[in-house]
S.K.: 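Dropping a structure here in C-alpha cells format, bear with me for questions.
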Amino acid sequence: MSDESVREATGTEAGYNPEAVEAKWQARWAERGTNQPDLDRAERPFYNLMMFPYPSAEGLHVGNMFAFTGSDVFGRFQRLRGHSVFEPIGFDAFGIHSENFALKVGMHPAELIPRNIANFRRQLARIGGMFDWRHELSTTDPRYYKWTQWLFLQLFKAGKAYKKAAAVNWCPTCKTVLANEQVIAGRCERCGTPVEQRTLEQWFFRITEYAERLLANLDNPALMDWSDTTATAQRNWLGRSEGAEIDFAADTGDVIRVYTTRPDTIFGATFMVLAPEHPLVDSLTTPEQRAEIDAYRATVAARDLVSRKVGERDKTGVFTGGYARNPATGEMIPIWIADYVLMEYGTGAIMAVPAHDERDLEFAHKFGLKVVPVIDDEGRLIDSRPFSGLPADEGKTAIIRWLEEQGAGTGVVRFRLHDWCISRQRYWGPPIPIIYCEEHGAVPVPEDQLPVLLPALDDFRPDDSGVSPLARHEEWYYAPCPICGRRGRRETDVSDTFLDSAWYFLRYPSTEFDDRPFDAERTRRWLPVAAYIGGNEHAVLHLLYARFITMVLHDLGMVDFDEPFRKFRAHGLIVKDGAKMSKSRGNVVVPDEYISKWGADTFRLYLMFLGPFQEGGDFRDEGISGPRRFLEKVWTLVNESVAQDAHGEIRRPVLVKWHQTKQRVTEGMESLHYNVAIAALMELVNALRDENCYERRIVEELVIMLAPFVPHFAEECWERLGHDTSVFDARWPEWDPGLTVTDQIEVAVQVGGKTRSRVRVDRDADEAAVLAVVHADETTRRFIGGKDIRKVIYVPGRLVNIVV
RNA sequence: GCCCGGGUGGCGAAAUCGGUAGACGCAUGGGACUUAAAAUCCCUUGGGGGCAACCCCGUGCGGGUUCGAAUCCCGCCCCGGGUACCA
C-alpha cells in the first residue's frame with residue numbers, strides 16, 4: 001500500500017476509520033519493535049505485570065479485557081514517563097479447568113490448549129496491548145514446566161517439601177484432592193459437589209513456616225504497596241491468633257492440653273471438650289460411659305469431614321465419665337467429647353467457657369452444664385481471684401504469665417494457615433519429579449534429567465483409585481532409581497496449577513534461556529515486579545503462594561528480594577446492565593463483537609471510562625457512543641490543527657484549563673482513577689472547541705495523554721501532527737502549578753452555613769480584601785438582614801461563612 | 001455470624017485532610033441544518049414552588065458533633081464479594 005492510500009484508508013479530515021488505523025499501527029509496532037524493551041541494557045526498567053489468563057475455549061471475556069487494558073494503560077503511562085516497560089503475557093494452561101473441559105468435549109487437552117492459545121493471542125493482539133511477544137510463555141510447555149519441576153526439587157532438597165498421609169478434601173466428581181483454598185463452604189469450587197474426606201499420601205510445602213514473615217511484610221510499605229482489600233484478605237487467611245496452651249490434669253493421671261485464645265476466661269471454664277478422635281479419649285473414658293462413647297465415635301467417623309463442618313449446627317456430644325482439674329479454680333470439671341471440636345485445629349481439645357463462647361454456651365444449655373460468667377459489662381474480669389477487676393486484655397497477659405509460673409501453660413501464637421498440599425491425582429499438570437525405590441525411598445529425579453515429560457495418554461480420565469491416570473502408563477511408570485539403578489516407580493501425582501503460577505513472573509524476562517529458570521542479571525534488573533494488577537479472587541491463593549515461593553528462593557540465595565510484587569492493585573468487576581454476566585442470563589459481553597463494531601481504541605476507552613478501575617463498573621451498550629464521539633472530536637481537532645498550523649497566543653482561560661488538565665490527568669493515572677482522567681481530557685476538548693482553539697502545543701499534549709487509552713488512535717494523530725517516531729517515545733507533559741489557577745476566583749458566601757451568594761475576587765486577595773467584597777455584596781446583606789454577626793469563617797480561596 | 005467493599009439525578013458516575021453536591025458521559029425534551037432521515041451543532045434536564053429575582057427540600061434510614069457533614073461519630077437497613085463449629 002502506498003503512503004497515499006494508507007492515508008486515505010486510515011481516514012481523512014472527514015472521518016476516522018478505526019479498523020484501518022489499528023491494523024496499520026499494529027503492523028508498524030511489530031516492524032519497529034516498539035514494544036520490545038532492551039532487557040539487558042534498559043536503564044529505567046519497569047516490569048508491568050498482569051495476571052496471565054487461563055486459555056479457555058470461550059476466548060477472552062470482557063472481564064479479562066478490562067483487567068488487561070487497565071494494566072496496559074498503566075504500563076503505557078510509565079513508558080511515557082521515560083521508563084523501559086516490559087509487559088509480558090502468557091498462558092496458565094495446565095490444570096483441572098483445561099482437563100475437565102477437554103473431558104467434556106471429548107478432546108485431548110494437548111490438542112485443545114494450543115488452539116485456545118492461538119485464539120487468545122489473536123484477541124490480545126487485537127486489543128492493542130503493549131505486549132512483548134518474544135517472551136510469551138505457556139505453563140504447559142516442557143521448556144517451562146521443566147523449571148516448575150526444578151522448583152519442586154529445590155524445595156524438596158531444602159526440606160520444604162514433604163510427604164505425609166493426610167486427611168484431604170476429596171471431590172468425588174472431579175476425582176481429585178483439593179486444597180483447602182479450593183473448598184468453598186464445603187463444596188468443590190469448580191463443580192459444587194460436596195467434598196469428602198479421604199486419607200492419601202500427599203506432597204506438602206511448608207508454607208506455615210513462613211506464616212509470620214508473610215504476615216509481617218504486609219505491614220512493611222517499603223516492600224509492599226498493595227490494595228488494602230488484598231492485604232486484609234491475606235491477613236485473615238493467615239489467621240494469626242495469640243493465645244495459650246494450658247494443661248489440665250485429669251483424674252486418670254492424663255494431661256490434657258488445650259489451646260485457647262481467651263486464657264483470660266479460664267476461671268469460667270466449667271467443662272472440657274475433646275475431639276472424638278483425640279488420642280486420650282480411650283484412657284479418659286470410664287467403663288460405664290464406654291459403650292456410649294464408642295457409639296458416638298463410630299457415628300462421627302462414619303461421617304465425612306465436610307458434613308461435620310458444614311452440616312447442621314446442632315450440638316451433639318457424650319460425657320466420658322472423666323474429670324480434670326481446672327488449674328485456675330482447682331475445681332474438677334467434666335470431660336466431654338463432641339464433633340464441634342476439630343482434631344486439626346489447636347490441640348484437638350478445648351476448655352469450654354460457656355459464658356463467653358457461643359458454641360460452648362449452646363453445648364452447656366443442651367447438656368445442662370454449669371455457666372459461670374467471669375467478665376462484666378465493662379469488660380473487666382470478675383470472680384477471677386487476684387485477677388478480678390483487670391480489663392480482659394490485661395487479664396489475658398497476667399493470666400498467661402501466672403500459668404507459665406505455675407508450669408501449667410504457655411503463651412503461644414497460632415495460624416489458621418495450613419501447609420500447602422500440592423499433589424493432584426490428575427493428568428494435566430507437571431509430573432512431580434520423584435522416583436520411588438524400594439531401597440532408597442523417595443529419590444529426586446536428577447536435575448539434568450528434567451523435564452519429566454508428561455506422557456501422551458489417550459485415556460487421561462481420572463478414576464476412583466485415588467491414583468493419577470499416569471499410573472496406568474506402564475512404560476512411563478517404571479523408571480530406574482537414580483541412586484541404584486534398580487527398577488523404581490515414578491511419582492504419579494502432578495503438581496497443583498498454583499505452583500505453575502507461583503513463579504511465572506520470574507520466568508518471563510528469561511524465556512530464551514534453556515539452561516536456567518531465570519537469569520541472574522535479568523532478574524536483578526527487572527524484579528521485583530514494579531506493578532502487578534489482577535483480580536482479588538487471587539488475593540489469598542496465587543498471591544500468597546507466589547510470595548512464599550519467592551521467600552524460599554530468597555532464602556536459598558537465588559533471588560535477592562523476598563517480596564515479588566512491589567505494587568499490587570486489584571481491579572473491580574464488570575457487570576452488564578446492573579447484573580452479573582452469565583450465560584444463563586444471556587448478558588455476556590463478547591469483546592470481539594464490540595471491537596469489530598467500534599474498534600479496539602473506543603472499546604478500551606469505554607472500559608476505562610465506565611467506572612473507577614479498582615471498583616469496576618456497569619457495561620451498557622448505549623454508553624460506548626460517548627467515548628467514540630469524543631475521539632471523533634479529537635480527530636477533527638488534530639486535523640484542523642495541522643491544517644491551520646495553529647501557533648500563537650493562548651487565552652488565559654484555555655491556558656489554565658490546559659494546565660489543570662495535565663495535573664488532573666497525571667493524578668488520575670497515578671492513582672488508577674482512569675475514569676476521572678478521561679473526564680478531564682473530555683473537558684479540555686470541550687474547552688478547546690468552545691474557544692475555537694487549535695493550538696499545536698496543546699493538541700500534541702492532548703494526544704500524548706490520550707495515548708495510554710487509545711494507542712493506535714494516538715499514534716495516527718501523532719503522525720499526522722508531523723512526527724516520524726512513536727508517540728510512546730514522547731514525554732508525558734509537565735504542568736506549571738502557577739497556571740492551574742485563574743486570575744479571578746469565585747468565593748462562596750454562606751450565611752449560617754447555607755450558601756447564599758458568590759463573589760468574584762482576585763486570586764491572591766487576602767482575607768480583608770475578600771471580606772470587603774463580601775460585605776459590599778447585595779445578596780449577602782439581604783440575608784444578614786439586621787442581625788448581629790457573631791463570627792466570620794474564611795476558608796482561603798473557597799468560601800466565607802457568616803454566622804449570625 | 002464474622003471480615004472487606006459499596007449505597008449520590010432517569011442511568012454510569014464526580015466531589016471524601018468536613019468547605020459552592022451532581023464534573024464527565026449516556027439517555028431525555030426542545031431548537032438549528034435537511035425535501036426527509038441519519039450524522040452534526042445549540043439549549044434544557046435532582047425534586048417541589050414562583051411571572052420573576054429567587055425560595056424550600058435533597059447524597060440508604062434514625063440520631064449526634066460542627067459555623068458548616070455525601071465526607072466524622074453512634075445505632076440501624078439494603079446490595080456485592082470473601083469466609084465460617086479455627087476454640
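Since the structure is predicted, the reported quantities are computational estimates derived from the model, not experimental observations. First the proteins, then the strands, lettered A, B, ... as listed; each starts at 1.
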S.K.: Which part of the nucleic acid, if any, lies within contact of Arg629(A), taking any heavy atom under 4.0 Å across all strands shown: a base, the sugar-phosphate backbone alone, or nothing?
M.R.: sugar-phosphate
S.K.: Taking only the P atom of each, what is the distance from A38(B) to U44(B) in whole angstrom?
M.R.: 22 Å
S.K.: Taking the side chain of Glu622(A) as its heavy atoms from C-beta onward, which of A13(B), A27(B), C11(B) lies nearest to it?
M.R.: A27(B)
S.K.: Let's see if you can work this out: which of C41(B), A87(B), G19(B) has an atom nearest to the side-chain heavy atoms of Lys633(A)?
M.R.: C41(B)
S.K.: For the residue pair His538(A) and His542(A), does the interplanar ring angle fall in the parallel (under 30°), tilted (30 to 60°) or perpendicular (over 60°) class?
M.R.: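 His538(A) and His542(A): perpendicular rings.
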S.K.: Taking atom P of C4(B) as reference, at what distance in whole Å does atom CD of Glu615(A) sit?
M.R.: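 The answer, rounded to whole Å, is 17 Å.
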S.K.: Side chains of Asp621(A) and Tyr594(A): is there a donor and an acceptor less than 3.5 Å apart?
M.R.: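 Short answer, yes.
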S.K.: What integer number of Å spans the C1' atoms of A14(B) and U66(B)?
M.R.: 25 Å
S.K.: When you measure only distances, ignoring hydrogens and angles, does the side chain of Gln750(A) come within 3.5 Å of the base of G19(B) through a donor and an acceptor?
M.R.: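 Looking at the base of G19(B), it does pair with a donor or acceptor on the side chain of Gln750(A) (distance under 3.5 Å).
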S.K.: Figure out the CD1/C1' separation between Ile793(A) and G19(B), and round it to whole Å.
M.R.: 10 Å
S.K.: Decide yes or no on salt bridge (Lys or Arg N to Asp or Glu O under 4.0 Å) for Arg240(A) and Glu212(A), but give the supporting numbers first.
M.R.: CA-CA 8 Å; Arg240(A) 186 179 192 276; Glu212(A) 200 75 69; 2.9 Å; yes
S.K.: Between C1' on G80(B) and CD on Gln614(A), what's the gap in Å once rounded to a whole number?
M.R.: 17 Å
S.K.: Under 4.0 Å, counting only non-hydrogen atoms across every strand here, what does Asp360(A) touch: a base, just sugar-phosphate, or nothing?
M.R.: nothing
S.K.: On RNA chain B, nearest-nucleotide positions of Phe415(A) versus Arg689(A): which is more 5'?
M.R.: Arg689(A)
S.K.: Show the nearest heavy-atom pair for residues Ala352(A) and Val273(A), with the distance to one decimal.
M.R.: CB-CG2, 4.3 Å
S.K.: Pairing check on G19(B): which nucleotide meets the Watson-Crick or G-U wobble criteria with it, both distances under 3.5 Å?
M.R.: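 Across any shown strand, G19(B) pairs with C67(B).
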S.K.: Between U34(B) and U40(B), how many Å separate the two C1' atoms, rounded to a whole number?
M.R.: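 My reading of the C1' atoms in U34(B) and U40(B) gives 12 Å.
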S.K.: For the residue pair Ala570(A) and Phe568(A), what are the closest heavy atoms and their distance?
M.R.: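 It is N-CE2, 3.7 Å.
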S.K.: Taking the same atom, C1', in U8(B) and in A23(B), what whole-Å distance lies between them?
M.R.: 13 Å
S.K.: Under 4.0 Å, counting only non-hydrogen atoms across every strand here, what does Lys576(A) touch: a base, just sugar-phosphate, or nothing?
M.R.: nothing
S.K.: For nucleotides G64(B) and G9(B), find the distance between their P atoms and express it as a whole number of Å.
M.R.: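 Their P atoms lie roughly 24 Å apart.
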S.K.: Mind running a 4.0 Å heavy-atom check of residues 677-686 of chain A against RNA chain B and sending the residues that fall below it, in number order?
M.R.: Ala679(A), Met682(A), Glu683(A), Asn686(A)
S.K.: Which part of the nucleic acid does Arg359(A) contact within heavy-atom distance under 4.0 Å: base, sugar-phosphate only, or nothing?
M.R.: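 Here Arg359(A) touches the bases of the nucleic acid.
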S.K.: Please give the nucleotide sitting opposite C2(B) as a Watson-Crick or G-U wobble pair, both distances under 3.5 Å, or none.
M.R.: G82(B)
S.K.: Does this structure show an ion pair linking Lys657(A) with Glu691(A), if we count only N-O contacts that are shorter than 4.0 Å?
M.R.: no
S.K.: Rounded off to whole Å, could you give me the CG-to-P distance for the Leu605(A) and A13(B) pair?
M.R.: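 Distance check: Leu605(A) CG to A13(B) P gives 17 Å.
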S.K.: Between Arg414(A) and Glu245(A), does any NZ, NE, NH1 or NH2 come within less than 4.0 Å of an OD or OE carboxylate oxygen?
M.R.: yes
S.K.: Ala338(A) and Thr316(A): which non-hydrogen atoms are nearest, and at how many Å?
M.R.: CB-O, 3.2 Å
S.K.: Starting at the 5' end of RNA chain B, which residue's closest nucleotide do you reach first, Gly626(A) or Leu573(A)?
M.R.: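 Final value for this comparison: Gly626(A).
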S.K.: Strictly by Watson-Crick or wobble contacts shorter than 3.5 Å, is anything paired with U35(B), and which nucleotide is it?
M.R.: none
S.K.: Contact class for Arg756(A) vs. all strands (heavy atom < 4.0 Å): base, sugar-phosphate, or nothing?
M.R.: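 If one applies the 4.0 Å heavy-atom cut-off, Arg756(A) turns out to touch the sugar-phosphate alone, with no base involved.
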S.K.: Closer than 3.5 angstrom, by distance alone: can the side chain of Asp419(A) be matched with the main-chain N or O of Thr208(A) as a donor-acceptor pair?
M.R.: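 Flag set: sc Asp419(A) to bb Thr208(A) pair under 3.5 Å.
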S.K.: From the set G25(B), G19(B), C3(B), return the single nucleotide nearest to any side-chain atom of Asn801(A).
M.R.: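 Among the listed nucleotides, the one closest to the side chain of Asn801(A) is G19(B).
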S.K.: Base, sugar-phosphate or nothing for Ser625(A)? Non-hydrogen atoms, less than 4.0 Å.
M.R.: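 Touches sugar-phosphate only.
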S.K.: Any side-chain to backbone donor/acceptor pair from Thr270(A) onto Lys370(A)? Under 3.5 Å, distance only.
M.R.: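 Present.
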S.K.: Looking at C3(B), A27(B), A14(B), which one has an atom nearest to any side-chain atom of Pro612(A)?
M.R.: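 That would be A14(B).
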S.K.: Let me know the distance between CZ of Phe613(A) and C1' of C24(B), rounded to the nearest Å.
M.R.: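 In whole Å, C24(B) C1' lies 20 Å from Phe613(A) CZ.
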S.K.: On a whole-Å scale, what distance lies between the C1' atoms belonging to G49(B) and G58(B)?
M.R.: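 Result for the C1' pair: 15 Å, nearest Å.
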S.K.: How long is the line joining CG of Leu342(A) and P of A84(B), in whole Å?
M.R.: 12 Å
S.K.: Can you check the Leu544(A) CG to G82(B) P distance for me, whole Å?
M.R.: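 Rounding to the nearest Å, CG of Leu544(A) and P of G82(B) are 18 Å apart.
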S.K.: For Leu610(A), report the nucleic acid contact type (base, sugar-phosphate, nothing); a contact means any heavy atom under 4.0 Å.
M.R.: sugar-phosphate
S.K.: Is any side-chain N or O of Arg416(A) closer than 4.0 Å to OP1 or OP2 of C85(B)?
M.R.: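 No, because none of the side-chain N or O atoms of Arg416(A) sits under 4.0 Å from OP1 or OP2 of C85(B).
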